[in-house]
**Student:** 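Supplied in structure tokens, the structure appears directly below.
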Amino acid sequence: MNEEEYLKTMVDTVKWGDYVSEANKALKDELLGVIRNSIIQFDRTGTYGTKPDHFREYIDLHVPIPLIKNAKIIEQELRDLAGYVYMKPTDTTMDYQFWDLRIKPKPVNLENQEIPEHNVAFDEIKEEIIQGIRNAKYMIWVAVAWFTDRDLANELHLRQKAGVSVRIITSDEESNHMRDDLQKHFETVLVPKVKYNRMHHKFCIIDLQYVMNGSYNWSKTAPNNNETWNTALDRELVKNYADEFMKLYQTNK
């Protein structure tokens with residue numbers, strides 16, 4: 001597999017497999033935080049390894065400079081993961097074996113070359129939303145038609161107390177009975193219903209890098225419904241959602 005496939009395999013192994021136990025959630029988040037934003041290069045050498053007629057192959061993980069300190073802390077875990085997903089290359093007549101993972105700086109001019117990642121959930125959507133909120137470091141923008149789930153509001157409040165900026169856009173309707181409370185605790189914009197036209201979005205932007213969207217309203221009854229919830233780590237897609245959020249925000253504030 002090529003470098004991009006190798007990196008994507010590392011991401012999916014951590015995210016979807018049982019490589020990291022559920023009890024070690026912090027390590028899982030740390031691993032994903034580093035490898036999702038990094039790039040990989042292969043360094044195939046002419047130095048013999050330990051297997052007969054095999055040469056050493058190094059995996060160079062180029063990490064964004066602000067994340068290098070974090071990567072060094074979990075360097076052994078990254079090395080073990082790289083060895084776990086390693087496959088002997090098939091694009092050469094030479095035989096190689098995984099020898100080591102080396103952490104190096106990612107060139108600044110490649111900072112935006114992330115691998116887009118898209119997923120969809122049909123079950124445990126509320127848990128997916130909560131995890132997205134908890135991962136926020138800088139800002140959370142929520143645009144949902146109905147917001148009546150106190151648990152989700154509490155999760156937002158915890159991130160706000162930690163310094164994360166929270167903005168909410170929701171529908172100004174009586175059935176949206178938490179709207180006054182949302183205005184009291186968050187920067188909230190209410191969009192009035194005009195005849196049959198209402199604000200019907202359901203999406204959430206995290207740190208201008210990650211977006212969640214689908215049919216799921218942030219309501220108390222939504223977990224009982226058949227719903228769809230898409231997630232994407234994709235800057236271009238996030239930009240389109242952010243543009244829509246700002247249009248609603250500026251029009252209705």
**Student:** Take the angle between the ring planes of F203 and F245 and call it parallel below 30°, perpendicular above 60°, tilted in between.
**Tutor:**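 Aromatic pair F203/F245 classed perpendicular.
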**Student:** When you compare the side chain of Y19 with that of L81, does any pair of heavy atoms fall below 4.5 Å?
**Tutor:**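 SC-SC contact between L81 and Y19 confirmed.
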**Student:** So does D29 pair up with K15, basic N to acidic O under 4.0 Å?
**Tutor:** no
**Student:** Ring centroid separation for F42 and Y6, is it under 6.0 angstrom?
**Tutor:** yes
**Student:** Shared ILVMFWY cluster between Y210 and V166, side chains joined below 4.5 angstrom?
**Tutor:**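 As far as the 4.5 Å side-chain criterion goes, V166 and Y210 are connected within one cluster.
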**Student:** Taking I35 as the fixed residue, which of L78, V63, L67 is the one that meets the side chain to side chain contact (heavy atoms under 4.5 Å, CB included) rule?
**Tutor:**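 It is L78; the other options fail the test.
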**Student:** Looking at K126 and D149, is there a salt bridge between them, counting it only when a charged N and a carboxylate O are closer than 4.0 Å?
**Tutor:** yes
**Student:** In terms of side-chain geometry, is the basic nitrogen of D60 or R102 positioned less than 4.0 Å from the acidic oxygen of its partner?
**Tutor:**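 Salt bridge flag = yes for R102 with D60.
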**Student:** Could D172 and K193 be called an ion pair, given the rule that one side-chain N must be under 4.0 Å from one carboxylate O?
**Tutor:** no
**Student:** Check side-chain hydrogen bond (donor to acceptor under 3.5 Å, both in side chains) between Q76 and all other residues, then give those that pass, not counting sequence neighbours.
**Tutor:** R79, D80
**Student:** Does any part of the side chain of W141, heavy atoms only, come nearer than 4.5 Å to the side chain of L208, both counted from C-beta?
**Tutor:** yes
**Student:** Answer yes if M10 and I68 sit in the same cluster of Ile, Leu, Val, Met, Phe, Trp and Tyr residues linked by side chain heavy atoms under 4.5 Å apart, and no otherwise.
**Tutor:**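 Yes; I68 is reachable from M10 via cluster members.
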**Student:** For a 4.5 angstrom cut-off between non-hydrogen side-chain atoms, does I140 reach C204?
**Tutor:**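 The answer is yes; the side chains approach within 4.5 Å.
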**Student:** Among all residues two or more places apart in sequence or in another chain, which pass the side chain to side chain contact (heavy atoms under 4.5 Å, CB included) test with T9?
**Tutor:** M1, T13, V85
**Student:** Measure the shortest side-chain to side-chain distance between W146 and W218 over non-hydrogen atoms and say whether it is less than 4.5 angstrom.
**Tutor:** no
**Student:** Between the side chains of K247 and D243, is the shortest nitrogen-to-carboxylate-oxygen separation below 4.0 Å, so that they form an ion pair?
**Tutor:**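 Salt bridge absent between D243 and K247.
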**Student:** Check the hydrophobic clustering (I, L, V, M, F, W, Y; side-chain heavy atoms under 4.5 Å; chains of links allowed) and say if V144 and M139 are grouped together.
**Tutor:**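 Cluster IDs for V144 and M139 differ.
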**Student:** If we only count heavy atoms from C-beta on, is the T148 to S219 side-chain gap below 4.5 Å?
**Tutor:** yes
**Student:** Quick one: are Q97 and T50 in side-chain contact, heavy atoms under 4.5 Å?
**Tutor:** yes
**Student:** Atom CZ of R179 and atom CG of L190: how far apart are they, to the nearest 0.5 Å?
**Tutor:**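 The CZ atom of R179 sits 7.0 Å away from the CG atom of L190.
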**Student:** Is the shortest distance from a Lys or Arg side-chain nitrogen in K8 or D12 to a carboxylate oxygen in the other one below 4.0 Å?
**Tutor:**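 Here K8 pairs with D12 in a salt bridge, since their nearest N and O are under 4.0 Å apart.
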**Student:** Quick check: do D100 and I59 have side-chain heavy atoms less than 4.5 Å from each other?
**Tutor:** no
**Student:** Would you verify whether the NZ or CZ of R56 falls within 45 degrees of the ring axis of Y48 while also being under 6.0 Å from that six-membered ring's centre?
**Tutor:** no
**Student:** Might you work through the side chain to side chain contact (heavy atoms under 4.5 Å, CB included) test for Q41 and H62, ending with a clear yes or no?
**Tutor:** CA-CA 8 Å; Q41 287 184 324; H62 291 269; 3.1 Å; yes
